[in-house]
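We number each residue from 1, following the sequence as shown. For clarity, every value in this text was computed on a predicted model and none was experimentally measured.
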Amino acid sequence: MNLRAPKGTDDILPPASRTWRQVLRAWEDWAERFGYDLIQTPVFEQTELFARGVGESTEVVQKQMYTFEDRGGRSLTLRPEGTAGVVRAYLENGGTGEMKVAYSGPMFRYERPQAGRRRQFYQVGVEYLGVASPEADAEVIEVGYRFIVEAGVPGLEVALNSLGDATCRPHYLRELRGWLEERRDALCDDSRATMELNPMRVLDCKVCRDVVAGAPAPVDSLCGPCQQHFEAVKNRLRQNGIPFIEDPRLVRGLDYYTRTAFEYIGTELDAAQNAVGGGGRYDGLAESLGGSPAPGVGLALGIDRVLLASSADPPSVLDAFVVIANEARRDVAMGLVSDLRQEGVRVDVLADDRSMKAQFRAADRRGAPAVVIVGDEWDDGVVAIKDLRSGDQETVKIGEVAAWLVGR
Ligand code: AMP
C-alpha cells in the first residue's frame, strides 16, 4: 500500500497509546480537582476568529494555518490553538460571569515537522474567564504544574513574567520602540518588520537574541496595580510550593495579553522542544473578538511534548488475562470475563482456541499483571490465579476473583 499518514501527523498505537490514555486521564483528573468543567468547541472555526484572536501579525496566522473554503464559500480554518474558540463560545453564550473550563484535542499548524513539532498535535488547556484576580493566574499556573509533574517531565521549571496592561504598556512600548530604533541595523529583517507593529515580539526573536539582550523589559515599567498583581501571583505560587523563575524576556507579543505570562520548561530537554506549555492573562481578548470586555487567564500544554519528555514505561491496561485451560471450559470462562468486566475489573481473553503457552504469551504481551486460569477446578467452584510478577499461584473462589484482582 502506498497510502501514508500526512506529513507531520502521527498514528498513536499501542503500547505508546497506553501512556497517552493514562496521561489524558491524569489531565482530566487534575482539571476536575481544580474545578474546571469540560468544554468542547469545534475543530474548525471562521478564519476571522483566529486572525483576530491569535493576531494577524503572528507567525501562526501568517504562515501556519490550515485554511480552506467550504462548499458554501465560507473561509474556515482548522484550529491552531484552543483559547480563541473558548472565548468565542463564552461570548456567544452571554459573555458574563465566571467560567472555568478545560479542553483537550488536536490542533493544526503548518510547521516544518520534527520531533515535538508536528502539523497535527494534541493540546490540553484551561481557561478561567470572568475573573481579574491574581488568584486565578496562580491557580491556572498551579494546575498545569501539578499535572506536568505527575506526567513525569524531569527538571520542570515555571518561567514567569508580567507584561503590564493598557495603562503602563503604551509607555513601555514607546521606550522599547525607541531602543530598537537605535539598533535597527543590527536586527534581522523579520524583526525590523515586526518592530513597528509589535515591538515586544522582537524580544522573542531567536536570531536577534544577542542584540536585544540589554533591551528594556516590561517588568521595569509596570504601573502600581500591575506590580501589585504580579506580587500577589508570586506570593501565592510561593505559598503553594510552585517553584518559578522570573524571566523578563518572556513575552507574548499581542496587545490583548496583559500582566501574567508564563511557560513550563523541561530544563533537561532539547532546547528546540523544551517548552511543554505556556499561557497567560488576556484581559483584552474578548474585546478584540468584538465582545464586551471580560478578563481571562489560561494555559495550553502540548501532550506530544509532555510525552517526549517523560520516560515512564507504558502502564498495563489490564488487571488480568483469562486463560482457558481447555476449550470445553470456554462458555464458563467467557461468563466469568463478562462478570468481571461488569464488576469493574479490566480483563481480556483470547477469542480463538489457542494453546496455554500462546495464551500466557498474549497475557505477557499485553502487560497483564496476573492470569486467571479456568480449568477443571471450576467444578469445585475455584480458579487458579497466577501473579505474573512474582510467579506465585493461588486458588481463589470464583465469587472472590474480582475482589482478589482489584484488592491487591
Ligand atoms: P502555543 O500555543 O504556541 O503557546 O503552544 C503551547 C504548547 O503547545 C507548546 O508549549 C508546545 O508544547 C505545544 N505545541 C505548540 N505547537 C506545537 C507543534 N507544532 N507540535 C507539537 N506541540 C506543539
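Between Val276 and Ile265, every side-chain heavy-atom pair lies at or beyond the 4.5 Å cut-off. Side-chain atoms of Leu340 and Val401, non-hydrogen and from C-beta on, do get closer than 4.5 Å to each other. Side-chain contact between Arg18 and Gln22: absent, with no pair of heavy atoms (C-beta onward) separated by less than 4.5 Å. Between Leu49 and Val54 the shortest side-chain heavy-atom distance does not fall below 4.5 Å. Side chains of Asp304 and Trp20 form a contact here, defined as non-hydrogen atoms less than 4.5 Å apart. Using a 4.5 Å heavy-atom threshold, the side chains of Thr260 and His229 count as touching. By the 4.5 Å heavy-atom criterion applied to side chains, Val143 and Val126 are counted as neighbours. A heavy-atom distance below 4.5 Å is not found between the side chains of Arg119 and Pro6.
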Applying salt bridge (charged side-chain N to carboxylate O under 4.0 Å, His left out), run through Glu139 and Lys100 and close with a yes or a no.
CA-CA 11 Å; Glu139 184 189 279; Lys100 289 176 66 171; 2.9 Å; yes
Going through the checks in order, is the side chain to side chain contact (heavy atoms under 4.5 Å, CB included) test met by Leu187 and Met195?
CA-CA 10 Å; Leu187 298 173; Met195 189 174 117; 3.7 Å; yes
Passes side chain to side chain donor-acceptor pair (under 3.5 Å), Thr77 versus Glu45? Steps please.
CA-CA 6 Å; Thr77 293; Glu45 297 266 4; over 6 Å; no
Begin with the C-alpha distance, continue with both residues' side-chain angles, and end with the deciding distance and a verdict on side chain to side chain contact (heavy atoms under 4.5 Å, CB included) for Lys234 and Leu160.
CA-CA 9 Å; Lys234 289 190 282 186; Leu160 184 66; 3.7 Å; yes
Determine, stepwise, if the pair Val207 / Asp190 fulfils side chain to side chain contact (heavy atoms under 4.5 Å, CB included).
CA-CA 9 Å; Val207 183; Asp190 277 354; over 6 Å; no
Evaluate Glu69 against Arg74 for salt bridge (charged side-chain N to carboxylate O under 4.0 Å, His left out), listing each step before the verdict.
CA-CA 5 Å; Glu69 204 172 272; Arg74 302 169 193 88; over 6 Å; no
With side chain to side chain contact (heavy atoms under 4.5 Å, CB included) as the criterion, how do Tyr264 and Ile141 come out once you've worked through the C-alpha distance, each side chain's angles and the decisive distance to 0.1 Å?
CA-CA 9 Å; Tyr264 301 98; Ile141 293 170; 4.2 Å; yes
Salt bridge (charged side-chain N to carboxylate O under 4.0 Å, His left out) for Arg184 and Glu181? Distances and angles first, verdict last.
CA-CA 5 Å; Arg184 172 179 272 279; Glu181 202 62 66; 2.9 Å; yes
Could you go through Gln123 and Glu81, starting from their C-alpha distance and side-chain angles, then the distance that decides it, and tell me whether this counts as side chain to side chain donor-acceptor pair (under 3.5 Å)?
CA-CA 8 Å; Gln123 275 188 347; Glu81 57 93 59; over 6 Å; no
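Listed for the Asp353 side chain is no donor-acceptor partner under 3.5 Å among the backbone atoms of Glu327. Of the possible polar contacts, none joining the Arg201 side chain to the Thr194 backbone as a donor-acceptor pair under 3.5 Å is found. Between the side chain of Asp11 and the backbone N or O of Leu13 there is no donor-acceptor pair closer than 3.5 Å. Here the side chain of Arg177 pairs a donor or acceptor atom with the backbone of Glu196 at under 3.5 angstrom. Put simply, the side chain of Asn240 never gets that close to the backbone of Ile242: no donor and acceptor are under 3.5 Å apart. Between the side chain of Tyr66 and the backbone N or O of Tyr110 there is no donor-acceptor pair closer than 3.5 Å. Asp319 places a side-chain N or O within donor-acceptor distance of the main-chain N or O of Arg346, the cut-off being under 3.5 Å. For Asp387 (side chain) and Arg389 (main-chain N/O), a donor-acceptor pair under 3.5 Å exists by modelled atom type. Listed for the Arg249 side chain is a donor-acceptor partner under 3.5 Å among the backbone atoms of Ala213. Side chain of Arg305 to main chain of Asn274: no donor-acceptor pair is present (N/O by atom type, distance under 3.5 Å, no hydrogens or angles).
Using a 4.0 Å cut-off between charged nitrogen and carboxylate oxygen, Arg25 and Asp29 do not count as a salt-bridge pair. Between Asp283 and Arg281 there is a salt bridge, since a side-chain N of the basic residue sits under 4.0 Å from a carboxylate O of the acidic one. Between Lys63 and Glu111 there is no salt bridge, since no side-chain nitrogen of the basic residue lies less than 4.0 Å from a carboxylate oxygen of the acidic one.
Here the CG-OG distance, from Leu269 to Ser310, works out to 10.0 Å after rounding to the nearest 0.5 Å. Atom CE in Met65 sits 11.0 Å away from atom CZ in Arg109 (nearest 0.5 Å). Remark: Cys226 SG to Arg259 CZ distance equals 4.0 Å, nearest 0.5 Å. The structure places CE of Met200 at 4.0 Å from CZ of Arg169, a figure rounded to the nearest 0.5 Å. The distance from the OG1 atom of Thr47 to the CZ atom of Phe68 is 8.0 Å, given to the nearest 0.5 Å. Distance check, rounded to the nearest 0.5 Å: CZ of Phe44 to OG of Ser75 gives 12.0 Å.
No hydrogens or angles considered: nothing links the side chains of Gln62 and Ser57 as a donor-acceptor pair under 3.5 Å. At a cut-off of 3.5 Å, with distance as the only test, a side-chain donor of Gln342 or Ser338 sits close to an acceptor on the other residue. Gln239 and Arg236 are linked by a side-chain donor-acceptor pair at a separation below 3.5 angstrom, with hydrogens and angles left out of the test.
Crowding of Arg33 atom CZ: a count of heavy atoms from other residues, nucleotides or ligands under 6.0 Å exceeding 12. Sparse packing is recorded around CD of Gln40, with 12 or fewer heavy atoms of other residues, nucleotides or ligands lying under 6.0 Å away.
The two residues Ala26 and Glu150 come nearest to each other via the heavy atoms CB-OE2, 3.6 Å. Taking both residues in full, the closest heavy atoms of Asp165 and Pro170 are given as O-CD, 3.8 Å, listed atom of the first, atom of the second, then distance. Residues Leu222 and Cys168 approach most closely at CA-SG, 3.9 Å, considering heavy atoms. Nearest heavy-atom pair across Val219 and Pro248 is CG2-CB, 4.0 Å. Of all non-hydrogen atoms in Phe262 and Val158, the two that sit nearest each other are CB-CG1, 4.4 Å. Closest non-hydrogen pair, Ala384 versus Gln393, comes out as CB-NE2, 3.4 Å.
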Can you give me every donor-acceptor pair (side chain of residues 356-383, partner residue at least two apart or in another chain, under 3.5 Å) with its distance?
residue, atom, partner, partner atom, Å
Gln359, OE1, Ile324, N, 2.8
Gln359, NE2, Ile324, O, 2.9
Gln359, NE2, Arg354, O, 3.0
Arg366, NH1, Asp348, OD2, 3.0
Arg366, NH2, Asp348, OD2, 3.1
Asp376, OD1, Arg329, NH2, 3.3
Asp379, OD1, Arg329, NH1, 3.0
Asp379, OD2, Arg329, NH2, 2.9

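Under the 6.0 Å cut-off for aromatic ring centres, Tyr36 and Trp30 do not qualify, their centroids lying 6.0 Å or more apart.
Among residue pairs with one or both ends in residues 130-162, those qualifying as ring pair (Phe, Tyr, Trp, His ring centres under 6.0 Å) are Trp27-Phe147; sequence neighbours excluded.
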